[in-house]
Protein chains: 2
Amino acid sequence: MDSPLHRYKAEFFKTLGHPLRLAILDALRSGPLSVTELQAVTKADQSMLSQHLSRLRNMNFVTARREATTIFYQVHDQEIYQFLDLARQIYGRQLKRSEDILTELNQA
Amino acid sequence: MDSPLHRYKAEFFKTLGHPLRLAILDALRSGPLSVTELQAVTKADQSMLSQHLSRLRNMNFVTARREATTIFYQVHDQEIYQFLDLARQIYGRQLKRSEDILTELNQA
DNA sequence: TTGCTATATTTGAATATTCAAATATAATAA
DNA sequence: TTATTATATTTGAATATTCAAATATAGCAA
């Protein structure tokens, strides 16, 4: 049952499984940004950013376009934000569950 | 911009970033299953399954209940399936893009 | 051409994850 | 009690990921 589909899907989620990559996607919510701008927003250094952008590119989360010497990144599919927001709702509820368990523990 | 929220969110996605863990969640779509049943469905061995179930438990993707000596797992929040299906749509489109690029390459 | 700016890639060490095997625990039955 | 079944945890080696530093490339201007 470890199908190629599950393997691909796992790669998809792994690509999202890094704080900086999530920060990059968040930064691109309001439109394309250059790498320099992303450096400013995310506080990550050039090499880090470039490596993580590369992974996001490979999974087609973002696309890049060159304008002279500057490269602008943008998300490939805006629906990713609907998806990320749904994720937030779900882990919000999962977090709440952890809190509930902690509360119970403290009361006992 | 590497906030605790991005770190938590990354953990959430990382937990989904494994083929067996995705297979487990898929297997639980139609209702709770025991570990033995999950072994049969996923073809994974006992120890593997237990370890991955443990990660899914830690992130509250699943809950376990004991019935005599058998332990049944179920998903904690059914909405996870809506979420996984949305993921499929998105990576479906992302895959399509890769295919398009390949087609272009072959034509050139 | 040289030099400069923006970005990408390579490299190797540090760290984290996975896997398989062995061992541990918990409930029950004999 | 001992044995059995179902599941969980620990351990260490194999593998993958991350990070930081160094190096490479691409476009442009002087």
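In what follows, every chain begins at residue 1, and chains take the letters A, B, ... in the order their sequences are listed.
We find that CG of B:Leu56 is positioned 16 Å from C1' of D:dT7, with the value rounded to whole Å. One interatomic measurement links the two molecules: CG of A:Asp45 to P of D:dA21, which rounds to 8 Å at whole-angstrom precision. Atoms NE2 (A:His6) and P (C:dT18) sit 16 Å apart, rounded to a whole Å. Computed from coordinates, the A:Met48 CE to C:dT15 C1' distance equals 13 Å when rounded to whole Å. Atom CG in A:Leu33 sits about 11 Å away from atom P in C:dT7, given to the nearest Å. Summarising the geometry, the separation between CG on A:Leu20 and C1' on D:dT17 is reported as 14 Å, rounded to the nearest angstrom. Atom CZ in A:Arg55 sits about 16 Å away from atom P in C:dA8, given to the nearest Å. At whole-Å resolution of the value, CG in B:Asn58 and C1' in C:dT17 are 14 Å apart.
With D:dA6, C:dA8, D:dT18 as the candidates, the nucleotide lying closest to the side chain of A:Arg57 is C:dA8. The side chain of B:Ser54 approaches D:dT9 more closely than any other nucleotide in the set D:dT9, C:dT7, D:dA6. Comparing C:dT28, D:dC19, D:dA8 against the side chain of B:Val35 picks out D:dA8 as the nearest.
Nucleic acid contact class of B:Thr70 (heavy atoms, under 4.0 Å, all strands): sugar-phosphate only.
The shortest distance between the side-chain N/O atoms of B:Tyr73 and the OP1/OP2 oxygens of D:dA8 is below 4.0 Å. The side chain of B:His52 places an N or O atom within less than 4.0 Å of a non-bridging phosphate oxygen (OP1 or OP2) of C:dC19.
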Is there a side-chain hydrogen bond (donor to acceptor under 3.5 Å, both in side chains) between B:Ser47 and B:Gln51? Walk through the geometry before answering.
CA-CA 6 Å; B:Ser47 162; B:Gln51 290 177 62; 3.0 Å; yes

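DNA chain D is contacted by both A:Thr69 and B:Phe72; B:Phe72 maps to the nucleotide lying nearer its 5′ end (nearest heavy atom per residue). Along DNA chain D, the nucleotide nearest to A:Ala68 and the one nearest to A:Gln51 differ in position, and the one closer to the 5' end is contacted by A:Gln51. Between A:Arg66 and B:Lys14, it is A:Arg66 whose nearest contact on DNA chain C lies nearer the 5' terminus.
Note on B:Asp85 versus B:Arg29: salt bridge recorded, some NZ/NE/NH1/NH2 to OD/OE distance being below 4.0 Å. Checked for salt-bridge contact, A:Glu11 and A:Lys9 miss the test: no charged N lies under 4.0 Å from a carboxylate O. Salt bridge A:Asp26/A:Arg21: absent, no basic N to carboxylate O contact under 4.0 Å.
A donor and an acceptor atom sit less than 3.5 Å apart, one in the side chain of A:Ser47 and one in the base of D:dA21. With hydrogens and angles ignored, a donor-acceptor pair closer than 3.5 Å exists between the side chain of A:Gln46 and the base of C:dA8.
Taking the ring centroids of A:Tyr8 and A:Phe13, they lie at or beyond the 6.0 Å cut-off.
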